[in-house]
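Some notes on the structure that comes next.
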Amino acid sequence: MIVTVFLGLAAAALLGLGFVAQQHVAYTEPLGEMLHVRLLLDLARKPVWLAGIALMVGGQIAGALALRRADVASVEPLLATNLIFALGAAALLYQERLGGTEWLGAVLVSGGVAAFLVAGRPHGGGMPASGSLAWIAVLVVGAVAAGMVVVALRVPLQTKAMLFAAAAGALYGLQDALTRGALLTLAGGPGALFASPQLYALPVIAVTGILLNQSAFDAAPLRISLPATTATEPIVGILLGVALFGERLRVDPPALAGEVGGLVALVAGIVVLGRSPFLHKSEQGPNGRPAPP
């Protein structure tokens, strides 16, 4: 368990740093490039953005190693601490000390993760009885993400950014679940893995998630565009871990109270950290574009 926690936190650190670097560049892009592939093509020419993607890929690799050792429900809450690392990076970048808001958010996020893991004690799980369950999950989560994008097209810019970010988080949660499935399939040998159609769905889901995330980063500062991703990913991942792999959580009343309380604290902490003035600093990109009201 100690190794899993270390890998999960290492993944969160790399993801948080990667998100800060990506948003720093994406926020300078024209709003007209949101949801267009050319946004990614333009960003791919920026060294800082590429460094952010490299950090994110490193985080995903560390997360995959954690998922190889533990259930999705155990790893997802650890990954949700990436916002704490993003906040720390912003504090170092602007050379300012953390205040009460940041400490409160950090306590809520860390305490929420600990409460969920201690109360729920996620365990068990294995390959789905039917491969069709994975495709049902892909369709359901894909439909939810698409619905959020459709609604986002009709709302103000800040809300648009939050919906894009939430849709990206949903796809990231699905990506985590399919990664867990691919690792379980690999136990049957490389041939079984390459024969699994879910393996080929992973790159499509990953690229779509990145496009939605960069569109959110393009639309609004980090305080608006990152918390929704950070909150949605673990919730979707945990639900899919239970639904797809039969992962089990304790369901006695005290355990349920601890699990619900932990998730509420986690989401509340993410919201509090998202209001940190250190993340507000990113409202002024290099081109001086002001943040939306």
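In what follows, residues are counted from 1 in the order of the sequence shown.
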Using side-chain heavy atoms (C-beta onward) and a distance below 4.5 Å, is [X] in contact with [Y]?
X	Y	result
F85	F19	no
H36	L41	no
E29	Q214	no
F245	L184	yes
V138	W135	yes
M34	L157	yes
V155	L163	yes
F164	D218	no

[X] side chain to [Y] backbone, donor-acceptor under 3.5 Å:
X	Y	answer
S74	A70	no
T229	A165	yes
Y200	F194	yes
T185	G181	yes
R180	L67	yes
Q22	W49	no

> Between I238 and L263, does a side-chain contact (heavy atoms from CB on, under 4.5 Å) hold up when you go through it step by step?
Replying inline: CA-CA 11 Å; I238 289 169; L263 288 177; 4.3 Å; yes

>> Using the rule given for side-chain contact (heavy atoms from CB on, under 4.5 Å), can you reason through L35 versus L153, listing the C-alpha separation, both sets of side-chain angles and the distance that settles it, and then say yes or no?
In response: CA-CA 10 Å; L35 299 183; L153 297 176; 3.9 Å; yes

> Any Lys/Arg nitrogen of R248 or D71 sitting under 4.0 Å from an Asp/Glu carboxylate oxygen of the other?
Replying inline: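 No, this pair does not count.
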
>> Just to verify, what does R45 make a side-chain hydrogen bond (donor to acceptor under 3.5 Å, both in side chains) with, not counting sequence neighbours?
In response: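 R45 satisfies side-chain hydrogen bond (donor to acceptor under 3.5 Å, both in side chains) with D42 only.
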
>> Please give me the minimum heavy-atom distance between A220 and A161, naming the atom from each residue.
In response: CB-CB, 3.5 Å

>> Checking D176 against L79 for the side-chain contact (heavy atoms from CB on, under 4.5 Å) test, could you report, in this order, the C-alpha distance in whole Å, the side-chain angles of both residues, the deciding distance, and whether it holds?
In response: CA-CA 10 Å; D176 293 337; L79 298 180; 3.9 Å; yes

